[in-house]
Amino acid sequence: MEKVDYEKLSSCLNNIFILLEKEDSFLLRNIYNISRINYSYLDFIKKYNLSNVYKENNLTYNGVYLLAREIIANIDSNYLEEYDKLIKTGMLDFSYNNKYYGSHFYHSSDIDLININRNFNYSDVITLVHEFIHYTNSKNKSINRHLLTEFLSIYFELYATNYLINKGISKEEIDYNERLRSTKGSCNFFCSYEVIILAYEKFGTIDKNTIKYLNRYYPNIIITKDNFDGECNNLLKNYDKIENQYKQEILYEQEFNQMELIDEKIIPQFDAYRYVLGTIIAYYSIKYCNMKDIIYLNNHINDYNMANTDVLDLLRSIGIDLTDANFLNRAFTSIDEYINDYNNEKVGSI
């Protein structure tokens, strides 16, 4: 990379960090530990074949809605009043042919929407449960809600998967590997920028000497200068691509504002770690935690006391200690049991 490229990247990162300090300081404070968790998951999951050929069926929209309602009632019947509003208010929408860019829950001051891309099998039920849990904790969004909402939705997504299989639904009609697959994808995406974020957070700039400083301060990080520069170039290209797309979107409608671009288009790309942590914590919780505690957390995540409690202390209050040396091993044990229960094949097995 040329000096001008380093300077441009450092300028972009400076603006990104200004907003991350405000909106997601947890990532900046814990980037090294998150990185270690990220690589631990990739190393653990590589022994499994996560492909899953699943069948479509004739499950109707109403069938998806009613079966998800049954699961929600078993989680907490107090949720049914809000759940029953989904269709009446037009909040819930199903699509054909991947109309939406991924199934999602959208919240604003004016409207709430749950949009589901149909797979035409029982995975649609699980997805609806996942997105509805986002809705239940969406009011008065707190920083702890931001950090833990994926964990909460993934936890109840796993509950829904187990519920369906225990009900006698064929595993061939449920993509039960999807979460583990998508988390692997989130890990790989996180890998594409984590070292750069770590370097900028530590040294305050990116230049030709950064890789030397990285190797000095983080001897466990193994990356060559060519690979580091390649990742920097990719991050810059991605930034330029998003910026050009954003300028096209606002053409003739408003003046270009770089901080708005970063807030609306760039910062959301750093969310990958929340899915990785959310998945690992959810699998840990399914085995080692009481569901009543998870429900209580979901119901009160935005209350004053919980919203202002350090997230690590908040998790400890329900039996989850991310600083425990055995946490990851116990979480991976839970994933092992989940996979073995559903007869997944290990890579290389016959």
Closest heavy-atom pair and its distance - Ser334, Lys287: OG-CB, 3.5 Å
Sequence neighbours left out, what passes side chain to side chain donor-acceptor pair (under 3.5 Å) with Thr127? Give chain and number order. none
Could you state whether Tyr275 and Ile280 fall into the same hydrophobic cluster, counting links through intermediate Ile, Leu, Val, Met, Phe, Trp or Tyr residues with side-chain heavy atoms under 4.5 angstrom apart? no
Considering non-hydrogen atoms only, spot the tightest contact between Met1 and Leu236 and give its length. CE-CD1, 4.3 Å
Just so I know, are the side chains of Ile133 and Ile154 near enough to count as touching, which here means a heavy-atom distance under 4.5 Å? no
Ignoring hydrogens and angles, state whether a donor on the side chain of Thr149 or Asn137 is under 3.5 Å from an acceptor on the partner side chain. yes
Ring centroid separation Tyr338 to Tyr342 under 6.0 Å: yes
Residues pairing under salt bridge (charged side-chain N to carboxylate O under 4.0 Å, His left out) where one sits in residues 297-317, two or more places apart or in two chains, turn out to be Asp313-Arg316, Arg316-Asp321
Residues sharing Leu113's hydrophobic cluster, by side-chain heavy-atom contacts under 4.5 Å among ILVMFWY, directly or via others? Tyr106, Ile111
Using the test salt bridge (charged side-chain N to carboxylate O under 4.0 Å, His left out), find all partners of Asp5 that sit at least two apart in sequence or belong to another chain. none
Just checking, is any N or O donor in the side chain of Asn140 or Tyr304 under 3.5 Å from an acceptor N or O on the other one? no
Going by the rule salt bridge (charged side-chain N to carboxylate O under 4.0 Å, His left out), which residues pair with Asp43 if we only count those two or more places apart in sequence or in a different chain? Lys46
If we count only N and O atoms by modelled type, under 3.5 Å, do the side chains of Ser103 and Asn117 hold a donor and an acceptor together? no
All N/O donor-acceptor pairs, side-chain side in residues 262-270, below 3.5 Å, sequence neighbours left out:
unit_1: Lys265; atom_1: NZ; unit_2: Glu249; atom_2: OE1; d: 3.3
unit_1: Gln269; atom_1: OE1; unit_2: Asn238; atom_2: ND2; d: 3.1

Shortest non-hydrogen separation from Ile301 to Leu148 and the atoms involved: CD1-CD1, 4.0 Å
Ser11 side-chain N/O to Glu7 backbone N/O, donor-acceptor pair under 3.5 Å: no
Do the non-hydrogen side-chain atoms of Asn115 and Ser95 ever get within less than 4.5 Å of each other? no
Could you pull out the closest heavy-atom pair between Glu23 and Ile143, with the gap in Å? O-CD1, 3.5 Å
Asp229 versus Tyr6, side-chain donor and acceptor atoms under 3.5 Å: yes
Donor-acceptor pair, distance only, cut-off 3.5 Å: does the side chain of Asp24 make one with the backbone of Leu20? no
Can any side-chain N or O of Ser186 pair as donor or acceptor with the backbone N or O of Ser182 at less than 3.5 Å? yes
Nearest 0.5 angstrom please: Leu13 CG to Thr205 OG1, how far? 9.0 Å
Over 12 foreign heavy atoms within 6.0 Å of NZ, Lys139: yes
Any donor-acceptor pair under 3.5 Å linking the side chain of Ser153 with the backbone of Glu131? no
Around atom NZ of Lys208, are there more than 12 heavy atoms of other residues, nucleotides or ligands at under 6.0 Å? no
Scan residues 210-237 for pairs that pass ring-ring contact (aromatic ring centres under 6.0 Å, His included), counting only residues two or more places apart or in two chains. Tyr32-Tyr218, Phe203-Tyr213, Phe203-Tyr217
Can you tell whether the side chains of Arg181 and Asp175 come within less than 4.0 Å, N to carboxylate O? yes
Hey, mind stepping through Thr60 and Asn62 against side chain to side chain donor-acceptor pair (under 3.5 Å) and telling me if it holds? CA-CA 5 Å; Thr60 65; Asn62 195 50; 5.5 Å; no
Judged by atom type as modelled, is there a donor-acceptor pair below 3.5 Å linking the side chain of Arg274 to the main-chain atoms of His146? yes
Side-chain heavy-atom pair Ile294, Phe151 within 4.5 angstrom cut-off: yes
Using a distance-only test with no angle check, is there a side-chain donor-acceptor pair under 3.5 angstrom linking Asn121 and Asn119? no
I'd like to know if Val276 and Tyr39 are part of one continuous hydrophobic network [Ile/Leu/Val/Met/Phe/Trp/Tyr, side-chain heavy atoms within less than 4.5 Å]. no
Side chain to side chain donor-acceptor pair (under 3.5 Å) with Glu178: which residues, sequence neighbours excluded? none
Just to verify, which of Tyr61, Tyr65, Phe120 counts as forming a ring pair (Phe, Tyr, Trp, His ring centres under 6.0 Å) with Phe94? Tyr61
Residue pair Tyr283 / Asp336, side-chain donor-acceptor N/O under 3.5 Å: no
Asp76 and Tyr296: CA distance, side-chain angles, deciding distance, side-chain contact (heavy atoms from CB on, under 4.5 Å) verdict: CA-CA 10 Å; Asp76 187 344; Tyr296 185 87; over 6 Å; no
By ring-ring contact (aromatic ring centres under 6.0 Å, His included) - contacts of Phe132 (at least two apart): Tyr83, Tyr135
Salt-bridge criterion met for Asp240 and Lys8 (N-O under 4.0 Å): yes
Any side-chain donor paired with an acceptor under 3.5 Å for Asn298 and Thr136? yes
Could you walk me through whether Leu314 and Leu297 pass the side-chain contact (heavy atoms from CB on, under 4.5 Å) test, one step at a time? CA-CA 9 Å; Leu314 188 59; Leu297 176 62; 3.9 Å; yes
Quick one: CG on Leu180 to OH on Tyr48, what's the gap to the nearest 0.5 Å? 10.0 Å
Side chains of Leu59 and Tyr122, heavy atoms from C-beta outward: is any pair under 4.5 Å? yes
Testing the 3.5 Å rule here: is there a donor-acceptor pair between the side chains of Ser108 and Asp110? no
Set of residues satisfying salt bridge (charged side-chain N to carboxylate O under 4.0 Å, His left out) with respect to Asp293, sequence neighbours excluded: none
Closest approach of Thr161 to Ile174 (non-hydrogen atoms, all atoms of both residues): CG2-CG2, 4.4 Å
Which heavy atom of Leu214 sits nearest to which heavy atom of Val195, and what is that distance? CD1-CG1, 3.6 Å
Residue pairs involving residues 183-196 (criterion salt bridge (charged side-chain N to carboxylate O under 4.0 Å, His left out); sequence neighbours excluded): none
Can you name the salt bridge (charged side-chain N to carboxylate O under 4.0 Å, His left out) partners of Arg145, sequence neighbours left out? none
Would a hydrophobic clustering, with Ile, Leu, Val, Met, Phe, Trp and Tyr connected at side-chain separations under 4.5 Å, put Phe332 with Tyr273? yes
Hphob cluster co-occupancy, Leu42 + Ile34, side-chain heavy atoms under 4.5 angstrom: no
Crowding at CZ, Phe44 (>12 non-hydrogen neighbours, <6.0 Å): yes
Could you grab the distance from atom OG1 of Thr224 to atom CD1 of Ile211, nearest 0.5 Å is fine? 7.0 Å
Using 0.5 Å steps for rounding, measure from the OG1 atom of Thr183 to the CD atom of Glu150. 9.5 Å
Kindly assign one of parallel, tilted or perpendicular to the pair Tyr284 and Tyr288, based on the angle between their ring planes and the thresholds 30° and 60°. tilted
